[in-house]
Amino acid sequence: MLRIKLKRYLSQLAHPVFAIGISLVLGAIAIRIVGANPLEIYGIMLNGAFGNKYYILATLTRATPIIICGLGAAIAWSTRYMGIGGEGQMIVGGFVTSIFALYMPGPEWLILLAAILGSIAAGGVYSVFSGWLLRKFKMSLAITTLMLNYVALFVTYHFVANRFLDTTTTEGKLEQTKQISASLRFPQLFEGYPLHLGFIIAVILVFLLWFVMNKTTFGYEAKMSGFNRSFSDFGGINSKKIMYSVLFISGAICALAGTGEVLGTQYRYVHNMYVSASFAWIGLNAALISNYNPLGILVSSIILAGIQTGGSAIARSTSVPLEISAIIQGCITLFISAKIIISWKRNKKELKKEQIMNDETIEQNKLLNTGTTQDVLKRDTEELEDEVGA
Amino acid sequence: MDINSMYIAVVLNSTIRLMTPILFVALGSALCNRVFIFNIGLEGMMLTGAFFAIVANHYTGSVVLSLLAAMISSMLVAWVAGIFMVKFKGAMLVVGVSINVLMLGLTTFLMQILFGVKGAYVSNDLVSLPKVNVDFLAGAPFFQTLFGSLTYLDYFAFVVAIILYFYLFRTVSGFRLRSVGLNKIASESLGIKAERIQIATITFSGLLSGLGGSLLTMGGVTMFAQNITSGRGFIALAAGTLGSAHPLGVVLSSSFFGLAQSIGNTMQNTAVSSQLAMATPYAATILALALYNYLQIKRGANLDQ
Amino acid sequence: MLLRMDNIVKKYGDLVANDKVNLTLNKGEILAVIGENGAGKTTLMKVLYGLEQPTSGTIVINGEEIQIKDANQAIKNGIGMVQQHFMLFETFNVTENIVYGKEPRKGVFFDLERAKRDVKKISQEYELPLDPERGIAGMPVGLRQRVEILKVLYQNSDIIIFDEPTAVLTPQEVKELLKTLKQLAKMGKSIIIITHKLYEVMSVADRAMVMRAGEVVADVRIEDTTAEELSFLMVGRHLIEQKIPEKEVGQVLLNVEDLCLADEHGSTILKDVNIHVKSGEIVGVAGVSGNGQTELVECLFGLRKAVTGSISLKEKNLFNKSVKFIRKAGISLVPEDRYIWGSAIEATLYESAIMGHYAKPEISSKGMISGKKAIEFTQQIIRDFGVKAETAEQTVGSLSGGNAQKLIVGREIKQDTPLLIVAEPTRGVDVGAMEAIHDKIIEKRMNGDGVLLVSSELSEIIKLSDRIYVMYEGEINGELFKETMDEEEIGVLMAGGRKHAEN
């Protein structure tokens, strides 16, 4: 029993480890082309990411929004609602938080509460809107969430630039709101170091989401609905309810990531603050690498954040540009994507024998006279085409 | 000619210049749609072309070689994406997202290595795409403005659309390409190599994206900036869908985006905020797609496919 | 002799799908290949059409031994196949579909005009009228099949394989098709037709080859045999080994009246279905698959919305209610496809096992699932139903088909509902698992519950059922009782026999 469990965990680990390994090799080639010594560069990178207390805490600070966005992406993607709207959700959340924090009257605890709950509600509803478009108009979730990212970015930009602009500082002409008062900010966990309360929230969310996904009936319903929509229908699970709940939670979580950045690091909403740092995309990468497992997201987010802070370190001290980290990240997910076949092929092989026996009848039932073979193809592969749209 | 018609000419001219980069990529997206591939990596492929056009430009100063470099580089990237999507059965979204992250990183990385700059690379040594001379229209200022400062590549985008139209609907090869997206199993049952067609199509969509990208860096302006595509590949993706994956439909949908952007740009001088104007093309995409799908559903078409 | 397949053996691992099969075909002959599901007919045809490679054996055409590596080569060798599931492109028109893969060209261009002329020509030549410019979408099945036939003729095939060609046709369309087949044979084409339907075999074929369990059990000329003999050969002589104990039946549990169902295009799938199940009885629904059984079950279970009629369980209205409501009201279902409806292959055994149970206090409380209880519950099913599994935490995909099926049967029987619907419970499972599943179904009945057994496996129906409905083309084509049950009569009804006789 234990042996099987261990074997399963190890086999789950094998693929990401392979992907990370091969990506580091590719990164090394890029470094070599620049003319530097890969081992030396990786050494500097490792040191810059985890070398001392300051670096570690800087990495964890950077990992905070990545973890949260990863969790947000994971719940939706594992249920096969593959939107790419994390960025927009962060923007909506962060913006709402900053407006509440700056302009709401009342006691501080109430402002803080409103700032957080407002962010959750706004991010959730915003995310559900894409789901509504999917259900009502069969619009590809990928396209709508992508477009909405830009709408969110520019609409908040409009408000920041024209309504809430910080006119006190003119230096650099940054489009940003005023700073929120010190009493509303997330406290730093270590005096003088950037790491803030948001990290604790991220870790709590990791366990919360793990709990919800693995221990509750809701998590079970969502998981089964993601595995096989027909099976969950057969079991009496309401897939519409699952879709909206999952998208709401996903949006709300990503919005919290935005809130964390506003209250924890920037202390204001700055136009483009999430986009330029690619938090949501890297969070999605973390979710993909860890196969949507919350604990895995915690780990892989810290690794990805480490690659980034390490990248900054080498950019500071060597001629190798910071973007080496993006190259490594992109390669990792590219090689992770091939994972799907490995598990898929194994199952296929086991099904093969079955299929021959059932060939005639199963197919007949699946298609009858009106279906097309495309339907079978779709059902068989259970791939992402669902989300592709026409 | 009164002021108003000149204003229209200016808007239409900028519409054309804004739409052609998107049109190239959207045609690629349309082809991918036709073989049942959702290629979100077009953004990264476009960026690749945009970058390598400038690289070749920097080293050779030749327009032809720059375009060649743009096409070949983004084709290579597209081919890799195609292998991962079709041969390795990687999830299309994941492969696409990875390609985008990777190419954004790689182009910025190489920009620093090759040009030694961060953010953007501009140089007087860079040549830009030759523009079509419209002096002969001097007698008709409206048309002179309308067709002013367009490059040959801008016109070529429309030519490609027409060629693709004939390719898809008039040639045997185009016929088979379309069949793959309709029913892969049926096409394979008659001995057609469907996967090979899919990969080839993705690769070709890379070539088109490269051309679209080079229009961005060698058309109106001649420079490369980090993430210069900034979502145009995604818009092209939407344009491909909105244009029913039909080359001429894509011309229409791309011009719609061009117009939305052009109007957005001109609105910046009016009461409407420039920021909201920037959101227009994206919001318009959603609205247009919703309307389009609504009409399709009402017509009873099956959009699940 | 035009075609000879000698000693064809096809193995999938240790499963022998074709065991030393010999097939011969003469010019202008119609050969019917008949047999039950899994008898190996389809595999044999796939070998002939190049979709599968034989483990051993040879194929000889016109005295020449050939290798058929893929469909392309089959087509080149004059073999065409009209697949059961039409390989058509919905948005292409008739001409485009017919010439696909062998398009007339003008340079790189598709010569559509010539294609239309060619299609028109063969359509006239073989008396299969069809508008070359008509679109496929919205075309009735019979015409779609005609497109498929023309496609094969366009490819110049001399040998045409028809895989269950009448499975999806209306009686009128069947008559048309049989006429066409005879016409084609008269014009020199050789035809292999794979079918279940003995009436059609008798009326059209020159010779019948009967397969059972991968082997040829008979190869007879039609004039030397009867439909009864063929059905006997097909099914094999089944002695009912097990005497099912008597059981007093109780009150009516499930009552279905005048149930009608249409597909999204509005064509009828179920027409005025009236059935009932009493407590303490197993009621079989027999029929060739594709005659509405699947949809009937989906309607009963809330997975599909019917048009009119009534469904009630113990007088509680269940018509078009949600699955959840129906499960609660007291119906459980062993679905016919264990990987599409019955489980998720990526899920663990316990995740699959608690479907439908997870909200009950045995498994969860206050919305929280107890992993320990779920695993215990699963282990109980594993024990009670003899599922061969290492642990409750392995994936469903890692189980053999029979064991996955036992898990699903166990899960549904454990719902302990007054009515259990079982659809194709033993399809594709080995004999041992089949016996075990049958025992559990009988046990359920002995507990005084009702069972609705839907199966295209006639022997299974006959063995277990107290009463049988036979479905044909979405209607109940007859009801039989255990005491007076007659295998041949059922076979006749399944093939639409009585209806034909009445016509």
Side-chain angles (χ1 to χ4, degrees), chain A residues 1-5 7-8 211-212 214-221 223-239 343-344 346-376 379-380 382, chain C residues 12-13 15 17 37-38 41-43 84-85 87-88 90 141 164 167-168 263-265 267 289-290 294 301 303 322-324 326-327 333 335-337 339-347 351-352 354-356 358-359 364 367-369 371 390-391 393-395 397-398 400-401 424 427-428 456:
Chain A
M1 187 95 152
L2 195 73
R3 198 173 46 94
I4 291 169
K5 247 186 180 171
K7 224 172 98 185
R8 212 171 73 213
F211 182 80
V212 169
N214 290 291
K215 296 288 167 192
T216 64
T217 49
F218 171 76
Y220 172 76
E221 289 177 348
K223 195 172 176 187
M224 291 306 120
S225 167
F227 275 159
N228 180 346
R229 215 83 84 197
S230 302
F231 177 48
S232 72
D233 285 345
F234 155 86
I237 292 168
N238 182 344
S239 43
S343 54
W344 184 75
R346 192 185 58 224
N347 290 325
K348 274 274 132 155
K349 209 168 126 196
E350 277 151 7
L351 286 177
K352 181 76 183 167
K353 209 166 119 181
E354 290 294 315
Q355 271 173 354
I356 293 137
M357 301 284 292
N358 302 344
D359 239 353
E360 303 157 21
T361 33
I362 284 192
E363 280 179 30
Q364 189 175 355
N365 291 330
K366 272 198 260 179
L367 313 163
L368 265 176
N369 42 356
T370 49
T372 64
T373 30
Q374 199 83 57
D375 298 330
V376 180
R379 258 191 168 157
D380 274 0
E382 285 266 306
Chain C
Y12 297 100
L15 179 103
N37 288 330
K41 313 171 300 239
T42 298
T43 307
Q84 186 179 355
H85 315 299
M87 294 290 177
L88 295 177
E90 288 280 321
V141 183
E164 296 284 358
V168 290
D263 66 12
E264 60 265 44
H265 304 299
S267 36
S289 52
T294 305
F301 208 61
L303 290 164
S322 74
V323 175
K324 204 171 174 181
I326 291 168
R327 276 188 174 275
L333 165 68
E336 68 170 42
D337 191 300
Y339 297 120
I340 290 178
W341 296 101
S343 65
I345 46 176
E346 301 155 85
E351 283 168 338
S352 278
I354 62 173
M355 185 55 88
Y358 63 91
S364 66
M368 276 190 283
I369 291 179
E390 286 183 66
T391 130
E393 289 171 79
Q394 70 192 85
T395 61
S398 68
S400 76
E424 309 287 353
R427 178 191 283 164
S456 49

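Proteins come first, then strands; the chains are lettered A, B, ... in the order of their sequence lines, and each starts at number 1.
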If you compare all heavy atoms of N228(A) against all heavy atoms of I340(C), which two are closest, and at what distance to 0.1 Å? ND2-O, 3.0 Å
All heavy atoms of Y220(A) vs all of Y358(C), minimum pair found to be CE2-CD2, 3.3 Å
Between A359(C), G371(C), P335(C), which shows the greatest number of heavy-atom pairs under 4.5 Å with chain A? P335(C)
Quick one: which of S364(C), G356(C), A347(C) has the most heavy-atom pairs under 4.5 Å with chain A, could you say? A347(C)
Check whether I326(C) gets within reach of chain A through its side chain, its backbone, both or neither, counting any heavy atom under 4.5 Å. neither
Going by the rule ring-ring contact (aromatic ring centres under 6.0 Å, His included), which residues pair with F231(A) if we only count those two or more places apart in sequence or in a different chain? none
Euclidean distance, M355(C) CE relative to M224(A) CE, rounded to 0.5 Å: 6.0 Å
Can you tell me how far apart CZ (F227(A)) and OG (S343(C)) are? Round to the nearest 0.5 Å. 11.5 Å
Is any side-chain heavy atom of D233(A) closer than 4.5 Å to one of V323(C)? no
State, with a plain yes or no, whether a side-chain heavy atom of I369(C) is found less than 4.5 Å away from one of K215(A). no
